[in-house]
Number of protein chains: 2
Amino acid sequence: MTVEAIFEATIQVLLRDGMNALTTTRVAERAGVSVGTMYQYFPNKQALVYALNARYLDALAARIEVTCQEQSGAPLGPMVEALIETYWTAKTERADITQALYRSVAELNNDALIHAFADRVDRATTEMFSSASDANFADTSRTNLSLVTVIYGTVRNAFERALSEREVTDLKQDLKTMCRAYLANVTV
Amino acid sequence: MTVEAIFEATIQVLLRDGMNALTTTRVAERAGVSVGTMYQYFPNKQALVYALNARYLDALAARIEVTCQEQSGAPLGPMVEALIETYWTAKTERADITQALYRSVAELNNDALIHAFADRVDRATTEMFSSASDANFADTSRTNLSLVTVIYGTVRNAFERALSEREVTDLKQDLKTMCRAYLANVTV
DNA sequence: CCAAAACCTGAAGCTTTCTTCACATTGTGG
DNA sequence: CCACAATGTGAAGAAAGCTTCAGGTTTTGG
C-alpha cells in the first residue's frame, strides 16, 4: 500500500540522514511515489511524522497490554520481569527504528501523544499489578509509577550509550534485580 | 558578554518556539546582536547548538565530579543517594533548560558529545563506588553501569511525564530505595 | 590623541524546502 | 466499452533560512 511505503520510506530517510534531511521530496522519492501523492495522505510534513509515531506507540501499547493480560494473577516477581522483557524486546528488536523515532518525536508537539500513550499503558500495568497473587501495596499507583518510570527510562538511556551485548544482558538482569528488591520492600 | 547573550537567547528561543523555529535570525534578534556577530563566534547554526550542549554537559559533569569527591570513602547507601540527589537537582532546578536541551541534541550528531560525557562521569562514579567503606563488588564496572543507567534514565523519563510535585518526591524516594536494595544484593 | 585591531552591522545572494494544482493514469461498476 | 471516481504526477510558486561581506563602530595600547 502507498501509505505503508511512505511510512517505511520515512523511517529509511530518518535512519540514513537524520531528521534534518527529512524532506518531503526525499521521502516521496524513496517511497517511489510523487510528492503530490504524499500530500493526498498527509496534510503536511509534520502530520506525517506525527502519524508515524502514533502508529508506533499504538503497536507498542498493544504489546504491553497483551503481556499485562497474560500475567494477570501471577506473582509480582515474574510480572515485573515479563514487563521488562516485553518492553526491552519491543525497543531493541528494531533498534534502528526506535532510535530514529526517539529523534523524530523531539521536534514534535508531542505532549499529547506521549501522555495518551502513558495513560493507556499505565492503566494496563496498574491493573496487572493489582491482580498479583501476592499484591499488597501501600500505594498501588505510586508503586506502578515508580516501576514504569524506572524501567522505561532505563531502556531509553541504555540506547544512548552504545552498550555491548554483554553489558545489555547484565543491565537487564540488574534491572530485574532492582525491581524485585524494590517490590519486596514496598509490599507489606 | 556577547557569547553568553547568544547562548541565553538560544535557550529562550528553544523554550518558546522549539527546535523548528530556532533560526539564526531569531536567535540574533533575541540576543540583541546582528546575525553577522553570531557568525563571528560560531561557524554555523549547528555549531551553536553543539556548543550550547557541550557547555551544559561540562557543567553537569563538573557537579557530579564534586559530589563523587565529597562522598569518597563514605558507605554505599549515602553515596548513591547523594548521586541521585545531585543529578536530580541539576536537571530539575532549571527544568525548562533541561527540556530544551533534550530536544535540541536530538538532531545533532551527538554521539561524540554523549559518549565523552558518559565516559567522564562514569570514571568519577566508578572511582567513588570503589572507594566506599563497604565496597565489595563482584564486578565494579557492571554495578556502576547499572546504577548510572537506571538513575539517569529515570530522571529523564520523569521529565517526559508531567509529574506532580508529590509524584516527583515519591519517585525519587523509591529510586533511592531501589538502588540501595540493589546494592545490598550485589555486594558480597 | 591616534592608528590599528577587534568587534559589530544587516541587506542581499543563494539555496533549500514546503505546498499547490492542472493534468495524466489507473481502477470500477454498469 | 464507457463514464466516473480514485489515485498519482511533478513542475512551479511562494516562503523561509543560512551565510557572506563590504563597510561602520568601538576598544585598546602606546
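To find a chain, count down the sequence lines: A is the first, B the second, and so on, and within it residues start at 1. This structure is a prediction, so every number in the text was calculated from the model and none was measured.
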In whole Å, what is the span from the [atom1] atom of [X] to the [atom2] atom of [N]?
X	N	atom1	atom2	value
A:F42	C:dT20	CZ	C1'	18 Å
A:M1	D:dA6	CE	P	17 Å
B:Y41	C:dC8	OH	P	4 Å
B:M19	D:dG17	CE	C1'	13 Å

D:dA16 OP1/OP2 closer than 4.0 Å to side-chain N/O of B:R26: no

Side-chain N or O of B:S34 closer than 4.0 Å to phosphate OP1/OP2 of C:dG10: no

Option among A:F42, A:Y56, A:Y41 that satisfies the ring-ring contact (aromatic ring centres under 6.0 Å, His included) test with A:F7: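 Of the listed options, the one satisfying the test is A:F42.
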
A:E167 side chain vs A:S164 backbone, donor-acceptor pair below 3.5 Å: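 Flag set: sc A:E167 to bb A:S164 pair under 3.5 Å.
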
Can you name the atoms? Protein N/O to nucleotides 18-21 of chain D N/O, anything below 3.5 Å, with the distance.
{"from": "D:dC18", "atom 1": "OP1", "to": "B:K45", "atom 2": "NZ", "distance (Å)": "3.0"}
{"from": "D:dC18", "atom 1": "OP2", "to": "B:T24", "atom 2": "N", "distance (Å)": "2.8"}
{"from": "D:dC18", "atom 1": "OP2", "to": "B:T24", "atom 2": "OG1", "distance (Å)": "2.8"}
{"from": "D:dT19", "atom 1": "OP2", "to": "B:Y39", "atom 2": "OH", "distance (Å)": "2.6"}
{"from": "D:dT19", "atom 1": "OP2", "to": "B:K45", "atom 2": "N", "distance (Å)": "3.1"}
{"from": "D:dT19", "atom 1": "O5'", "to": "B:Y39", "atom 2": "OH", "distance (Å)": "3.3"}

Donor + acceptor pair across side chains of A:E8, A:Q12 (<3.5 Å):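 Yes, A:Q12 and A:E8 have a side-chain donor paired with an acceptor closer than 3.5 Å.
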
Shortest non-hydrogen contact between B:F137 and B:L183, atoms and distance: CE2-CD2, 3.8 Å

B:Y102 six-ring face occupied by B:R156 cation (under 6.0 Å, within 45°):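 Yes, B:R156 lies over the aromatic ring of B:Y102.
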
Carboxylate-amine/guanidinium contact A:R123 A:D119, below 4.0 Å: no

